[in-house]
2 protein chains.
Amino acid sequence: MADSTTDLRVERKPKLSETVVAAIRRQLLAGEIPPGNKLPTEGQLTETFGVSRTVIREALAKLAADGLVEARQGAGVFVTEHISTTFGALAADMGSKDSIALNVLEVRLAIEIESAGLAAIRRNAAQEAAIQEAFFEFERLLLASQPTGPADLAFHRAIASATNNPFYVEMLDVLGRRAIPCDVTSPWSTELVQSDDYQRGLQREHLVILDAISAGDAGAAREAMRTHLTRSQQRYRERLQARQAYYAKSVKAAATE
Amino acid sequence: MADSTTDLRVERKPKLSETVVAAIRRQLLAGEIPPGNKLPTEGQLTETFGVSRTVIREALAKLAADGLVEARQGAGVFVTEHISTTFGALAADMGSKDSIALNVLEVRLAIEIESAGLAAIRRNAAQEAAIQEAFFEFERLLLASQPTGPADLAFHRAIASATNNPFYVEMLDVLGRRAIPCDVTSPWSTELVQSDDYQRGLQREHLVILDAISAGDAGAAREAMRTHLTRSQQRYRERLQARQAYYAKSVKAAATE
DNA sequence: ATTAGTTTGTTGTATGATGACTTTTGCATA
DNA sequence: TATGCAAAAGTCATCATACAACAAACTAAT
């Protein structure tokens, strides 16, 4: 009983090809292989990933379907120029400043609102289940007093995925990494992010979104996502102010000593 | 001379898997296999299509990537429940490149809708004037029977600029270059793009957007932009179909000679 | 120097086998 | 008969190997 597979929550079987897709996609979005360049050959990828060529080929096929790469018989597999890479490079340059981070967050808002609307219309059963799963995971972590950040991200990512438009996922990946660096470790954010009220509020908003998507109501989904994100925006601003106050105080303390 | 089988520009190398994908997708969209039902096994498909299982698997992987089917290990491959006809149908007969263009266009839609809303709230006098300027320029070009494309682009760009968020402009530039390669020179589009009715319709939609922004009504601006862009999306699809028909005809003509 | 032929590397396709998982079947038991 | 459980069959997932098709680089002959 209780064999090793059931110890964790649902986490179904991640197909090998999906793992490879995720790995390669991350490298591509990070710009490790510039657009126009050739990827390693299937044989080399087979070695580096330790899987058969079948898996590599399936992964490459999926990436090609997403428009990330392009295979030319006899020549190789090449990286296609991509919006996320160009835009990600832009955002990366200016990603340090807070005011810019808010601007990027605003772009993310546009993407996610539309995502919710499309997800309400186009989601399939598995995708809806994935969204619910992320929601319940958030709940579980909340009750266990554990960091809910990953589940939050998974929730939004599942929605983007449910649009069946891979570009939304890529956008979210690129923007999310830049705009949501707010982890719980920062001294000025602990009391806010980890507060139960705060997370409970997030979850309430998530529920409204989830319901709208489940009901297939695109308009309601967009509205729910809009309120959720504008509030998050507001919370983010408050946190920035809190951090600034924190640093100001610490500077003052250092000055007086 | 290069007697290669594909002297025509339409498609260079139709991979076997793509053929299978098209065939199965047509069957699915035609409803020959109701949603939730199981497809024939890979082995059976191998027989019916006369190709290897490798090809069948790649085709199924692509269909799964598009969200049309879902494979359950040990059980079979099943048709997804919610197949939105609007989404699935357009990807049906067109190559991956076109479907990618449509996906990018959809991201642009998200950006521009939010742009309009923000512009309605944040625009200053000069920015509002710039939008109006582009609008009247469009009108002028229309009356002069000159290409209105540049003015159209300027209109949208002015709105993005009026958000006072430079990333929206960047986004629009990056996406626009990719999603709007439809110049007026193509033989299959001239009659559509240059038609007076077509452009007059665009301008009517532009006016609604302009009014909403001038009135400072963010919700109305978003709605107006949404209808404008969804209609543009529809027009774009129709143009793709027209192009396909055009090429199909030319191929047919080439075959008969 | 140009061109034709050859070689080599890479993707596309075919085939067979094995493992993992799901569903069904059949049998034993109450 | 009804129920529960184990065996079996069916199916996808992965692996391994081989050959075909194609493209680029290289070599040699004119």
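So you know, we letter chains A, B, ... as the sequences are listed, proteins then strands, and number each from 1.
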### Task
Let me know, please, whether A:Arg57 or A:Gly74 comes out on the 5' side of the other along DNA chain C by nearest nucleotide.
A:Gly74
When the distance from [atom1] of [X] to [atom2] of [N] is rounded to whole Å, what number comes out?
X       : N      : atom1 : atom2 : result
A:Glu58 : C:dG12 : CD    : P     : 14 Å
B:Leu16 : D:dA21 : CG    : P     : 12 Å
A:Leu60 : C:dG12 : CG    : C1'   : 13 Å
A:Phe78 : D:dA23 : CZ    : P     : 12 Å

### Task
For the residue pair A:Gln127 and A:Ser161, confirm or rule out a side-chain donor-acceptor distance under 3.5 Å.
no
### Query
Do other residues, nucleotides or ligands put more than 12 heavy atoms under 6.0 Å from the CZ atom of B:Arg226?
yes
### Query
CD of A:Glu47: more than 12 outside heavy atoms within 6.0 angstrom?
no
### Message
Measuring to OP1 and OP2 of D:dA23, would you say a side-chain N or O of A:Arg72 lies under 4.0 angstrom away?
### Response
no
### Query
What are the residues of residues 32-49 of chain A, sorted by number, that bring a heavy atom to within less than 4.0 Å of DNA chain C?
A:Thr41, A:Glu42
Between [options], which nucleotide has the shortest distance from any of its atoms to the side chain of [X]?
X       : options                : result
A:Ala75 : C:dT11, D:dA13, D:dA23 : D:dA23
B:Gln73 : C:dG12, D:dC15, C:dG19 : C:dG19
B:Val55 : D:dA13, C:dA14, C:dG12 : C:dA14

### Query
Do the side chain of A:Ser52 and the base of D:dA16 come within less than 3.5 angstrom through a donor-acceptor pair of N or O atoms?
no
### Query
Is there a donor N/O on one and an acceptor N/O on the other, under 3.5 Å, for the side chain of A:Arg53 and the base of C:dG12?
yes
### Message
Ignoring hydrogens, what is the shortest heavy-atom contact between B:Asp66 and A:Asn164? Give both atom names and the distance.
### Response
O-OD1, 4.1 Å
### Query
Is the shortest heavy-atom distance from the side chain of A:His156 to the side chain of A:Leu229 under 4.5 Å?
yes
### Query
Going through the distances and angles, do A:Arg25 and A:Glu18 end up as a salt bridge (Lys or Arg N to Asp or Glu O under 4.0 Å)?
CA-CA 10 Å; A:Arg25 194 212 290 272; A:Glu18 308 246 348; over 6 Å; no
### ring pair (Phe, Tyr, Trp, His ring centres under 6.0 Å) partner of A:His206, the single match among A:Phe135, A:Phe138, A:Phe136
A:Phe138
